[in-house]
Protein chains: 2
Amino acid sequence: MLKISTRCRYGLLAMVELGQCYGQAPVSAQEIYKKQRVPKFYLQQLLVKLRRNGLVESIRGTRGGFVLKKDPKTIKILDIVKAVEGPVQLISCTKQSRDKCCSKIKECLTRPVWVELHEVVNRVLSERTLHDLMR
Amino acid sequence: MLKISTRCRYGLLAMVELGQCYGQAPVSAQEIYKKQRVPKFYLQQLLVKLRRNGLVESIRGTRGGFVLKKDPKTIKILDIVKAVEGPVQLISCTKQSRDKCCSKIKECLTRPVWVELHEVVNRVLSERTLHDLMR
DNA sequence: TAATACTTGACAAGAATAGTCATATATAGT
DNA sequence: ACTATATATGACTATTCTTGTCAAGTATTA
Ligand code: FES
Ligand code: FES
């Protein structure tokens with residue numbers, strides 16, 4: 001069904017929230033999950049992943065929280081998705097990884113559609129930035 | 001990760017195989033799984049779904065098998081995907097079904113990306129036909 | 001030092017995916 | 001009529017993924 005996971009959705013919600021406060025004081029996880037109504041501990045996990053991937057910075061202690069590490073204009077949606085759930089790979093026989101998925105990749109007649117889909121999804125996600133989503 | 005399921009991949013492989021023999025004698029499930037190396041019983045399941053969705057016709061008994069019910073030029077890839085695994089719905093807040101996915105759909109800032117992704121995927125899958133994949 | 005906030009790593013329920021199988025039914029060819 | 005071939009149906013299962021939860025620890029500020 002190709003459903004967008006909650007990881008992605010929550011991750012992007014959090015990033016948008018941080019984007020709104022870019023340049024201002026850090027935003028705590030609590031503020032985010034109260035505002036966006038996402039599960040507390042789950043969100044914490046996602047924020048850690050975003051930090052480990054260099055998208056946000058964390059500040060501990062009272063008045064701490066998270067801040068974007070870069071300008072929203074330079075953060076692709078794809079970066080966020082990759083951070084919370086790894087590469088967007090619709091098939092395993094892309095240019096990057098040439099694993100076989102069908103029995104014989106050379107003559108695979110179905111491959112072109114999946115490749116096109118793979119590319120179009122990655123293109124959309126890397127053309128849009130976090131800034132595009134903010135008002 | 002948005003990975004294409006085996007259901008989709010096998011389903012399309014089967015349809016391409018049937019497409020190659022369009023207008024000729026029926027192709028048995030056995031011929032398909034031997035040629036494409038897909039799990040026998042799993043494929044059977046998918047073929048039944050394709051039949052129930054009016055994409056193929058089944059002929060029972062000796063020399064039986066499956067045949068396409070329509071011209072490959074009139075079969076969209078989306079039809080095949082829908083047949084084997086239901087509608088391609090990346091988010092639940094589309095025009096078709098207005099379920100809420102984020103807390104407050106009206107002000108959802110993240111929605112535009114997911115909607116765009118949803119639309120672009122559906123567009124690609126409905127622009128390409130089975131015929132486009134055959135040589 | 002008390003309160004706030006992030007960190008780490010483990011755990012777990014439930015759903016989806018991927019695949020198997022037994023039994024029944026239908027048809028062609030002999 | 002009999003047999004071999006083929007699909008139909010529905011149940012069943014193992015594994016993986018998703019979607020969380022939680023406890024114990026660390027860091028910082030007021
Ligand atoms: S070889 Fe990758 S889709 Fe067929
Ligand atoms: S309301 Fe559907 S993505 Fe936010």
Side-chain angles (χ1 to χ4, degrees), chain A residues 1-14 18 21 25-34 36-53 55-67 69 81 84-92 101-102, chain B residues 1-14 18 21 25-34 36-53 55-67 69 81 84-92 101-102:
Chain A
M1 267 235 310
L2 285 182
K3 210 173 68 180
I4 302 287
S5 68
T6 58
R7 269 198 302 268
C8 278
R9 294 198 299 101
Y10 296 168
L12 185 54
L13 280 173
L18 293 180
C21 303
V27 181
S28 73
Q30 199 173 137
E31 292 178 70
I32 299 177
Y33 77 70
K34 279 193 175 164
Q36 298 290 348
R37 310 274 180 96
V38 296
K40 176 178 178 176
F41 295 112
Y42 198 30
L43 177 67
Q44 284 277 11
Q45 268 189 8
L46 301 178
L47 287 167
V48 168
K49 286 187 179 181
L50 290 168
R51 178 179 60 83
R52 288 191 178 142
N53 282 276
L55 293 179
V56 305
E57 196 171 355
S58 68
I59 294 139
R60 291 163 87 141
T62 311
R63 307 294 219 107
F66 296 87
V67 288
K69 219 172 173 181
V81 171
V84 294
E85 65 171 18
V88 177
Q89 185 133 11
L90 280 74
I91 42 174
S92 53
C101 40
C102 301
Chain B
M1 269 232 311
L2 285 181
K3 211 173 68 181
I4 302 287
S5 67
T6 58
R7 269 199 302 267
C8 277
R9 294 198 296 103
Y10 296 169
L12 185 55
L13 280 172
L18 293 179
C21 304
V27 182
S28 73
Q30 198 172 137
E31 291 178 71
I32 298 177
Y33 78 71
K34 279 193 175 162
Q36 298 291 348
R37 310 277 183 92
V38 295
K40 177 178 178 175
F41 295 112
Y42 198 31
L43 177 67
Q44 285 277 10
Q45 270 188 5
L46 300 178
L47 286 166
V48 169
K49 286 188 181 182
L50 290 168
R51 179 181 59 82
R52 288 191 179 146
N53 283 275
L55 292 179
V56 306
E57 196 169 356
S58 68
I59 294 138
R60 291 163 86 138
T62 313
R63 307 297 218 105
F66 296 85
V67 289
K69 218 172 174 181
V81 170
V84 294
E85 63 171 21
V88 177
Q89 185 133 9
L90 280 75
I91 42 173
S92 54
C101 40
C102 302

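We use all heavy atoms of the structure for the numbers below, so side chains are in, but hydrogens, waters and symmetry mates are not.
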Original post:
Taking atom C1' of D/dC22 as reference, at what distance in whole Å does atom CD of A/Q44 sit?
Top reply: 12 Å
**OP:** To the nearest Å, give me how far apart CG (A/L43) and P (D/dC22) are.
**Re:** 15 Å
Original post:
Within a strict 4.5 Å, meaning less than it, do heavy atoms of the A/P26 and A/F66 side chains meet?
Top reply: no
Subject >> Any donor-acceptor N/O pair under 3.5 Å between D/dT29 base and A/R63 side chain >> reply: no
**OP:** Please evaluate the base of D/dT21 for a donor-acceptor partner in the side chain of A/Q45 within a cut-off of under 3.5 Å?
**Re:** yes
**OP:** State the CD-OH distance between B/Q30 and B/Y33, to the nearest 0.5 angstrom.
**Re:** 4.0 Å
Original post:
Given D/dT19, is OP1 or OP2 found less than 4.0 Å from the side-chain N or O atoms of A/T6?
Top reply: yes
Original post:
Has the side chain of A/E85 got a donor or acceptor atom that lies under 3.5 Å from a matching backbone atom of B/M1?
Top reply: yes
Subject >> Nearest-nucleotide 5' precedence on DNA chain C, B/F41 against B/I4 >> reply: B/I4
Subject >> B/K3 atom NZ, over 12 foreign heavy atoms within 6.0 Å >> reply: no
Original post:
Reckon A/R60 has a side-chain N or O less than 4.0 Å from the OP1 or OP2 of C/dT4?
Top reply: no
Original post:
Can you tell me if the side-chain N/O atoms of B/S58 get under 4.0 Å from OP1 or OP2 in D/dA6?
Top reply: no
Original post:
Does A/R9 place a side-chain N or O at less than 4.0 Å from the phosphate oxygens OP1/OP2 of D/dT19?
Top reply: no
**OP:** Considering just the side-chain nitrogens and oxygens of B/Y10, establish if one lies under 4.0 Å of OP1 or OP2 belonging to C/dG19.
**Re:** yes
Original post:
Please give, in whole Å, the distance from D/dA27 C1' to A/I59 CD1?
Top reply: 12 Å
**OP:** Report yes if at least one side-chain N or O of A/R7 is closer than 4.0 Å to OP1 or OP2 of D/dG20; otherwise report no.
**Re:** no
Subject >> Spacing between B/R52 atom CZ and D/dA8 atom C1', to the nearest angstrom >> reply: 8 Å
Original post:
D/dT9 P sits how many Å from B/L50 CG, rounded?
Top reply: 14 Å
Subject >> Whole-Å distance separating the OH atom of B/Y42 from the P atom of D/dA14 >> reply: 17 Å
**OP:** Return the 5'-most residue of the pair B/P39, A/R51 with respect to DNA chain C, ranking by each residue's nearest nucleotide.
**Re:** A/R51
Original post:
To the nearest angstrom, how far is B/K3 atom NZ from C/dA16 atom P?
Top reply: 16 Å
Original post:
Are any of the side-chain heavy atoms of B/L18 and B/I32 separated by less than 4.5 Å?
Top reply: yes
Subject >> Whole-Å distance separating the CG atom of B/L13 from the P atom of C/dA18 >> reply: 14 Å
